[in-house]
Amino acid sequence: MRHTHPFRSNRQHHEPRNITITDLMQNRSRLKQALRIHRLSVDGNLSGELKKSKRIYELKIPTATCDEDAVRVTRDQYVKLNHCHRPNKDEVGLWSDKAQESSKVAQDKEKQFVQQEKELAEVEAQLGNYADILEKELSEAQSLNNKKSEDVIDDYFRVDISNFHKGSRIFKLTTHSSARLYKVFLFVRSSISSNLVLMGEAPAFFADDLHTSFSNGFHLKLKEFETATIVGNKTYVIGGIDGPTSSGVRIFDKSTGDWVIPTVLGTKPKAFKGHSTILLNKDRILIIKSNSKSNDCTWFLEIDTQFVQDQKKKFENEVVAWSMGVIGDAERPIVFSGPSGVGKGTLINMLMKEFPAMFGFSVSHTTRAPREKEENGVHYHFTNRSVMEEEIKAGKFLEFAAVHGNLYGTSVESVDVVADAGKRCILDIDVQGARSVRASSLEAIFIFICPPSFEDLEKRLRARGTETEEQIQKRLRNAKTELEQGTSSGLFDHILVNDDLEGCYEQLKKILGLDGNMDATPKTQTEVFSLPMDFSLSKIDEKILIKSGNDDQRIVLDLSSMKGGAPGRTRGLCMYTVGDLV
Ligand SMILES: Nc1nc2c(ncn2[C@@H]2O[C@H](COP(=O)(O)OP(=O)(O)O)[C@@H](O)[C@H]2O)c(=O)[nH]1
Ligand SMILES: Nc1ncnc2c1ncn2[C@@H]1O[C@H](COP(=O)(O)OP(=O)(O)O)[C@@H](O)[C@H]1O
């Protein structure tokens with residue numbers, strides 16, 4: 001039986017065409033010869049689809065796979081890349097430089113962002129270089145084509161540079177059907193290592209073992225522990241085991257036919273095996289981890305919440321954000337603001353000393369120098385401006401502001417750490433920061449502390465003895481504005497005058513409901529139970545039923561009091577087991 005040549009263009013058919021493993025294997029030696037490829041991998045992990053539409057071919061390769069490949073190749077310092085293009089001396093030098101850059105990047109996080117940008121520019125430049133090489137080979141191939149008749153590979157793919165853009169690792173390849181070389185260059189940029197890896201041979205792409213077919217008309221082979229959730233034109237593939245090279249989330253956009261690696265914000269769940277998902281309100285995906293404890297099984301991937309929409313504008317890319325679900329109604333965080341020297345720190349210390357199990361302090365980042373008794377990681381995370389600016393760009397901060405000539409910011413993590421300890425979070429931030437937090441999903445209580453008079457404030461600031469005269473002057477100047485804004489903006493729920501310290505502290509406790517006889521233990525603790533390995537999820541109103549496949553265990557996750565969300569925790573969840581579902 002004459003086998004149809006899988007790579008030969010067929011001008012009669014403009015239907016999508018898949019290359020099967022069988023095709024590939026049968027043509028292997030010929031391919032290798034024609035391509036001068038030493039190794040043609042037919043790797044079960046790689047799958048893709050070769051689609052023909054008029055004269056445009058698209059090669060789609062699951063990006064997570066590319067990622068892993070990319071990193072392996074990076075570590076091997078390019079040697080393994082030498083499959084289909086024998087690099088010249090300059091190129092080898094270039095790539096080993098790049099490999100060195102990669103380890104440097106890993107060691108030196110400070111330079112990561114700058115490095116990424118630099119590398120991206122280099123990739124773009126290199127794409128230009130390779131386009132020239134490809135162009136040359138194309139004409140060679142065309143002349144070959146005139147000499148030989150049969151037995152040749154007659155599709156030639158050329159990287160269409162216009163399709164290379166940030167965040168996407170799928171490249172459209174344009175065919176030149178008269179050419180005799182089949183060669184595909186994959187240009188892959190790894191977002192984590194910020195290194196790039198270039199040039200592999202065309203991996204095996206095949207379609208005969210695709211086992212997941214989606215109603216929205218594309219084929220996708222999911223890896224183990226991956227789930228796919230369809231939201232309109234987009235399919236969110238969430239990875240169960242999250243390697244260091246993968247964001248754990250990739251999105252297939254049906255309208256463009258492209259895979260997109262989104263910018264992932266928030267603290268993502270640690271590696272887990274197995275999970276189920278269910279879409280909520282089209283703006284977030286609920287993820288329930290298998291084989292986990294009820295206090296650590298619920299996560300949300302926000303895909304179109306207000307926060308995510310705002311971030312999409314900022315990053316000009318697809319954005320998703322993780323938020324961990326917290327069972328129980330964790331108490332609202334408390335934001336303290338007030339001019340320098342008013343006594344915020346003093347009041348906060350009193351509160352934390354009297355109720356150590358109840359409150360946790362959000363340790364801010366700052367670029368100001370530490371004071372004599374201040375400890376890194378306790379009073380502040382002391383950092384420098386360039387690092388902090390990079391981290392701000394990377395979305396690490398819930399809020400940040402320039403105060404008295406320095407940068408200050410609350411990282412998402414600093415608030416999460418307190419919530420994870422089951423404690424109520426206290427933030428000491430300026431008025432600008434308070435405004436940002438008000439606009440966020442943190443749902444805090446806002447308390448502004450005033451001095452009895454400006455003279456008292458000045459006295460306290462001088463008596464503290466931690467600032468130079470110049471710094472004191474600057475703080476006093478800023479205090480005027482802060483006092484104006486704090487007392488008139490309606491931003492704060494409570495305004496306390498710190499005249500007599502003890503009196504002020506009593507008032508504070510009253511606001512927080514701590515004045516009577518009360519139990520000063522955290523209120524978030526609820527019974528912890530285990531979730532099964534296999535279960536199904538169904539949604540009934542605002543309740544999610546988690547039903548075990550093996551036994552009669554039924555768990556209800558009640559989302560009716562759900563609040564908060566990225567960039568913090570999603571709180572107010574209630575989870576309980578039931579015998580019979582009513
Ligand atoms: N926006 C914001 N302000 C902060 C943060 N941490 C501290 N601040 C504010 O920065 C200002 C200066 O703080 P600091 O240098 O410790 O001086 P102090 O106010 O005199 O104790 C104060 O108003 C703090 O409330 C933060 O993470 N974000
Ligand atoms: N009610 C008060 N009366 C007098 N001194 C106070 C009072 N509250 C705080 N102080 C003192 O004022 C100084 C500044 O207080 P601090 O808590 O460091 O202010 P902030 O954190 O707002 O900058 C400290 O030396 C503190 O002991």
Side-chain angles (χ1 to χ4, degrees), residues 333-353 361-376 378-383 388 391-392 396-415 418 425-440 442 444 446-468 470-483 485-486 491-492 496-508 567:
I334 308 157
V335 170
F336 285 92
S337 290
S340 179
V342 75
K344 300 179 297 295
T346 309
L347 288 163
I348 291 169
N349 283 343
M350 289 165 84
L351 208 54
M352 305 241 319
K353 207 167 162 196
F361 185 63
S362 153
V363 181
S364 293
H365 283 62
T366 182
T367 60
R368 86 149 157 76
R371 292 174 188 153
E372 206 180 317
K373 287 188 181 144
E374 284 178 333
E375 249 181 86
N376 191 24
V378 176
H379 299 94
Y380 280 105
H381 296 290
F382 295 100
T383 180
M388 193 156 161
E391 290 177 341
I392 288 170
K396 183 172 169 173
F397 289 90
L398 185 65
E399 63 78 29
F400 62 91
V403 192
H404 315 318
N406 285 300
L407 272 185
Y408 292 80
T410 310
S411 69
V412 174
E413 194 185 351
S414 68
V415 176
V418 178
C425 188
I426 292 179
L427 292 88
D428 174 349
I429 59 178
D430 85 317
V431 176
Q432 308 167 70
R435 200 168 286 124
S436 307
V437 173
R438 187 59 111 178
S440 81
L442 205 61
F446 294 79
I447 301 175
F448 189 76
I449 314 286
C450 283
S453 70
F454 204 77
E455 290 69 35
D456 279 298
L457 183 71
E458 183 166 353
K459 252 191 245 163
R460 286 181 199 173
L461 203 49
R462 289 189 189 286
R464 190 170 71 182
T466 48
E467 276 78 29
T468 63
E470 195 188 335
Q471 286 164 340
I472 289 175
Q473 289 305 330
K474 190 182 261 181
R475 278 158 196 265
L476 288 174
R477 273 198 305 277
N478 292 342
K480 292 212 168 88
T481 329
E482 286 214 82
L483 282 167
Q485 293 187 356
L491 177 62
F492 292 90
L496 286 180
V497 180
N498 182 17
D499 188 353
D500 164 56
L501 184 61
E502 286 305 324
C504 185
Y505 182 59
E506 287 309 313
Q507 270 185 294
L508 174 63

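Ligands are counted one by one from 1 in listed order, and the atoms in each one are counted from 1 as well.
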Q: Out of Arg460, Lys344, Arg475, whose heavy atom is nearest to atom 3 (N) of ligand 2?
A: Arg460
Q: When you measure from atom 3 (N) of ligand 1 to every protein heavy atom, which one gives the shortest distance, and what is it?
A: Asp430 N, 3.0 Å
Q: Taking all non-hydrogen atoms of both residues into account, name the closest pair between Leu457 and Gly341 and its distance.
A: CD1-C, 3.7 Å
Q: With sequence neighbours left out, write down each residue that passes ring pair (Phe, Tyr, Trp, His ring centres under 6.0 Å) with Phe454, or none if nothing qualifies.
A: none
Q: Do me a favour and list the nearest non-hydrogen protein atom to atom 21 (O) of ligand 2 with residue, atom name and distance?
A: Gly345 N, 2.9 Å
Q: Just jot down the ligand 2 atoms closer than 4.0 angstrom to any heavy atom of Pro339, in number order.
A: 22 (O)
Q: Would you mind telling me if ligand 1 is within reach of the side chain of Arg475, the backbone, both or neither, using heavy atoms under 4.0 Å?
A: side chain
Q: Before accepting this row, confirm whether a basic side-chain N of the pair Glu467/Lys474 lies closer than 4.0 Å to the acidic partner's carboxylate O.
A: no
Q: Within a reach of under 6.0 Å around CZ of Phe492, are more than 12 heavy atoms found that belong to other residues, nucleotides or ligands?
A: yes
Q: Determine whether the side chain, the backbone, both or neither of Gln471 has a heavy atom under 4.0 Å from any heavy atom of ligand 1.
A: neither
Q: Considering only the protein, which heavy-atom contact is closest to atom 14 (C) of ligand 2, and what is its distance?
A: Gly341 O, 3.5 Å
Q: Counting only heavy atoms not in Gln485 (residues, nucleotides, ligands), do more than 12 fall under 6.0 Å from its CD?
A: yes
Q: Considering heavy atoms of the protein only, find what lies nearest to atom 27 (O) of ligand 1 and give residue, atom and distance to 0.1 Å.
A: Ser364 OG, 2.6 Å
Q: Taking atom types as modelled, find out whether Ser362 and Thr410 have a side-chain donor-acceptor pair closer than 3.5 angstrom.
A: no
Q: Any non-hydrogen side-chain atom of Arg464 less than 4.5 Å from a side-chain atom of Lys459?
A: no
Q: Would you call the rings of Phe397 and His365 parallel, tilted or perpendicular if under 30° counts as parallel and over 60° as perpendicular?
A: perpendicular
Q: Closer than 4.0 angstrom, basic N to acidic O: yes or no for Arg368 and Glu374?
A: yes
Q: Under 4.0 Å, heavy atoms only, figure out whether ligand 1 is touched by the backbone of Glu467, its side chain, both or neither.
A: neither
Q: Is Arg368 in contact with ligand 1, taking contact as a heavy-atom separation below 4.0 Å?
A: yes
Q: Please state which protein non-hydrogen atom is closest to atom 11 (C) of ligand 1 and give its distance, to 0.1 Å?
A: Val403 CG1, 3.7 Å
Q: Does an N or O from Gly409, backbone or side chain, lie closer than 3.5 Å to an N or O of ligand 1?
A: yes
Q: Hey, is Arg371 one of the residues with a heavy atom under 4.0 angstrom from ligand 1?
A: yes
Q: For atom 19 (O) of ligand 2, what is the nearest protein heavy atom, given as residue, atom name and distance?
A: Gly343 N, 3.1 Å
Q: Side chain, backbone, both or neither: which applies to Tyr380 and ligand 1 if a contact is any heavy-atom pair less than 4.0 Å apart?
A: side chain
Q: Among Glu374, Lys344, Arg464, His381, which one has a heavy atom closest to atom 21 (O) of ligand 1?
A: Arg464
Q: In ligand 2, which numbered atoms sit nearer than 4.0 Å to a non-hydrogen atom of Leu501?
A: 1 (N), 8 (N)
Q: Applying a 4.0 Å heavy-atom criterion (strictly less than), which segment of His365 is in contact with ligand 1: side chain, backbone, both, or neither?
A: neither
Q: Restricting to non-hydrogen atoms, name the atom on Pro452 and the atom on Arg460 that form the minimum distance, rounded to 0.1 Å.
A: CD-NH2, 3.6 Å
Q: Using a 4.5 Å cut-off on heavy atoms from C-beta on, say whether the side chain of Ile348 contacts that of Phe336.
A: yes
Q: Using a 4.0 Å heavy-atom cut-off, say whether Ala463 meets ligand 2 through its side chain, its backbone, both or neither.
A: neither
Q: Report, in ascending order of atom number, the atoms of ligand 1 lying under 4.0 Å from any heavy atom of Gly433.
A: 1 (N)
Q: Looking only at side-chain N and O atoms, does Thr481 offer a donor or acceptor that is under 3.5 Å from a partner on Asn478?
A: no
Q: Taking side chain as C-beta onward, heavy atoms only, is Phe446 less than 4.5 Å from Val437?
A: yes
Q: Side chain or backbone, does Arg464 bring an N or O within less than 3.5 Å of an N or O on ligand 2?
A: yes
Q: Test your reading of the model: is there a side-chain donor-acceptor pair from Asn498 to the backbone of Val342, 3.5 Å cut-off?
A: yes
Q: Could you tell me which non-hydrogen atom of Gly433 sits nearest to which non-hydrogen atom of Glu399, and how far apart they are?
A: CA-OE1, 3.1 Å
Q: I'd like to check which ligand 1 atoms, numbered from 1 as shown, lie under 4.0 Å from a non-hydrogen atom of Ala401.
A: 1 (N)
Q: Considering only non-hydrogen protein atoms, determine which one is nearest to atom 28 (N) of ligand 1 and report residue, atom name and distance to 0.1 Å.
A: Glu399 OE2, 2.7 Å
Q: Any atoms of ligand 2 less than 4.0 Å from a non-hydrogen atom of Ser340? List them with their elements.
A: 23 (O)
Q: So which heavy atom in the protein is nearest atom 24 (C) of ligand 1, and how far is it from that ligand atom?
A: Asp428 OD1, 3.6 Å
Q: For atom 20 (O) of ligand 1, which protein heavy atom lies nearest, and how many Å away is it?
A: Ser340 OG, 2.4 Å
Q: Tell me whether Glu458 is salt-bridged to Arg462, with the criterion being a basic N under 4.0 Å from an acidic carboxylate O.
A: yes
Q: Heavy atoms only: which of Asp500, Thr346, Asp499, Asn498 is nearest to atom 27 (O) of ligand 2?
A: Thr346
